[in-house]
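Report on the following structure.
Keep in mind that this is a model prediction, so the values were computed, not measured.
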Amino acid sequence: MADEPLKNHSIQDLISQKFKKRQSGFSFERIVPILLFLTALISVLTTIGIVLTLIFETITFFTRVSIVEFLTAKRWFPFSETHGSYGILPLVSGTLKVTGIAILVAVPIGIASAVYLSEYASEKSRRIIKPILEVLAGIPTIVYGYFALTFVTPILRSVMPGLEIFNALSPGIVIGIMIIPMIASLSEDAMSSVPNSIREGALGLGSTKFELALKIVLPSALSGIIASIVLAVSRAIGETMIVTVAGGSTPTLSWDVTRSIQTMTAYIVQVSQGDVGYGTTVYYSIYAVGMTLFLFTLIMNFIAQFVSRRFREEY
């Protein structure tokens, strides 16, 4: 019993010495929050820098070209010194055509794949199929572009003789194939988060697997499914190399998918190749087009967040 106060005293001394050492010396716990804050700050400052660059350069463009002409003119012909026209509508038309085709291809296949993986596939099948989808997501887009030009387009031309070599249909289909993994993976995650108790209750009431997937799982996972589709739309709008290789460089305000087109991203690539002088109106036009593209994707992200909050179901 006499040794107990001594032990308590020694333990208190050790704690006190440890505390003083932390206060006086280098503390890893102090530096970690600072490093994490600086890392987050770099991301925020980079984003701010990109946005400010777009804004300032776009303002410079609109000091030379009327914003009314930019938004309403139906011709995009910037390389003419005497009769240049800067109407963004043909580029928007080309972008929306390709995106629309891609979504028509990707949404049914992506959601069907997600339903199969979530409700029907065995563990062995899931281990085989999911890596294949991930491989599709990892293929470089330039490979997709030449696949569209040299493989998909000849097949389509054998069925549609009037299809031009460069067109909106072929890159749209290939972009749809490219974004299937995004829709399938995110939708499957949303479906897998539906509690098994709901599935068991539906099956106990006599529902078939198909009825369970269609009437229970899909509505319950609607928030995640719609968010995946909106994110896929953003990805399709911002796609560059596929449309540059297989879509052409002819900006036309038309909904004909068999003709050559030019998207906003493809125009940025064309101007960025170095043939346009720095400080010219054509040079600044890529920032105006880039700002338009940025606004499109920003709106898509806002829609995704709104849909996720609006249709989220609590369990």
Side-chain angles (χ1 to χ4, degrees), residues 43 46-55 57-58 61 70-71 76 88-107 110 133-134 136-149 166-187 226-251 257 261-273 285-308:
S43 302
T46 302
T47 304
I48 293 174
I50 292 172
V51 173
L52 290 179
T53 300
L54 280 175
I55 291 174
E57 302 295 350
T58 302
F61 172 77
F70 182 76
L71 295 176
W76 182 266
I88 192 67
L89 291 180
L91 296 182
V92 173
S93 168
T95 302
L96 294 181
K97 275 190 290 187
V98 171
T99 303
I101 295 169
I103 293 302
L104 289 176
V105 171
V107 169
L133 289 175
E134 292 170 1
L136 280 177
I139 296 175
T141 55
I142 186 67
V143 176
Y144 276 118
Y146 282 105
F147 172 73
L149 181 63
F166 298 103
N167 56 82
L169 187 59
S170 177
I173 292 173
V174 175
I175 291 174
I177 294 172
M178 183 190 67
I179 62 177
I180 285 173
M182 177 182 292
I183 295 177
S185 179
L186 294 177
S187 297
I226 295 180
S228 72
I229 294 172
V230 175
L231 292 175
V233 171
S234 299
R235 179 69 181 86
I237 289 175
E239 173 50 39
T240 303
M241 295 311 302
I242 297 175
V243 291
T244 301
V245 172
S249 57
T250 310
V257 298
I261 61 164
Q262 188 171 50
T263 64
M264 291 185 280
T265 53
Y267 172 74
I268 293 173
V269 171
Q270 181 185 8
V271 175
S272 301
Q273 290 177 348
S285 69
I286 66 174
Y287 291 98
V289 175
M291 175 60 76
T292 306
L293 187 64
F294 172 75
L295 292 176
F296 265 91
T297 54
L298 185 65
I299 290 171
M300 289 295 103
N301 289 333
F302 281 145
I303 291 174
Q305 293 179 8
F306 170 77
V307 166
S308 296

Write down the atom of [X], the atom of [Y], and the distance for their closest heavy-atom approach.
X      : Y      : result
Ser170 : Ala148 : OG-O, 2.9 Å
Phe166 : Val245 : CE2-O, 3.2 Å
Leu169 : Ile101 : CA-CD1, 3.8 Å
Ile261 : Lys97  : CG2-NZ, 3.4 Å
Thr244 : Ala266 : OG1-CA, 3.6 Å
Ala106 : Ile180 : CA-CG1, 3.9 Å

**OP:** Starting from the C-alpha separation in whole Å, work towards a yes-or-no answer on side chain to side chain contact (heavy atoms under 4.5 Å, CB included) for Leu231 and Met300.
**Re:** CA-CA 7 Å; Leu231 292 175; Met300 289 295 103; over 6 Å; no
So do [Y] and [X] actually touch side chain to side chain, heavy atoms under 4.5 Å?
X      : Y      : answer
Met264 : Val92  : yes
Leu293 : Thr265 : yes
Asn167 : Val257 : no

Spacing of [X] atom [atom1] and [Y] atom [atom2] [to the nearest 0.5 Å]:
X      : Y      : atom1 : atom2 : answer
Phe302 : Leu295 : CZ    : CG    : 10.0 Å
Phe296 : Thr95  : CZ    : OG1   : 7.5 Å
Leu96  : Ile103 : CG    : CD1   : 11.5 Å
Ile229 : Ile179 : CD1   : CD1   : 9.5 Å
Ile142 : Tyr146 : CD1   : OH    : 5.0 Å
Glu239 : Tyr144 : CD    : OH    : 10.0 Å

**OP:** Let me see the working for Met178 and Arg235 under side chain to side chain contact (heavy atoms under 4.5 Å, CB included), right down to the final yes or no.
**Re:** CA-CA 10 Å; Met178 183 190 67; Arg235 179 69 181 86; 3.7 Å; yes
[X] side-chain N/O to [Y] backbone N/O, donor-acceptor pair under 3.5 Å:
X      : Y      : result
Thr58  : Tyr287 : yes
Ser234 : Val230 : yes
Thr297 : Phe294 : yes

**OP:** Show your reasoning for whether side chain to side chain contact (heavy atoms under 4.5 Å, CB included) applies to Val243 and Ile175.
**Re:** CA-CA 9 Å; Val243 291; Ile175 291 174; 3.8 Å; yes
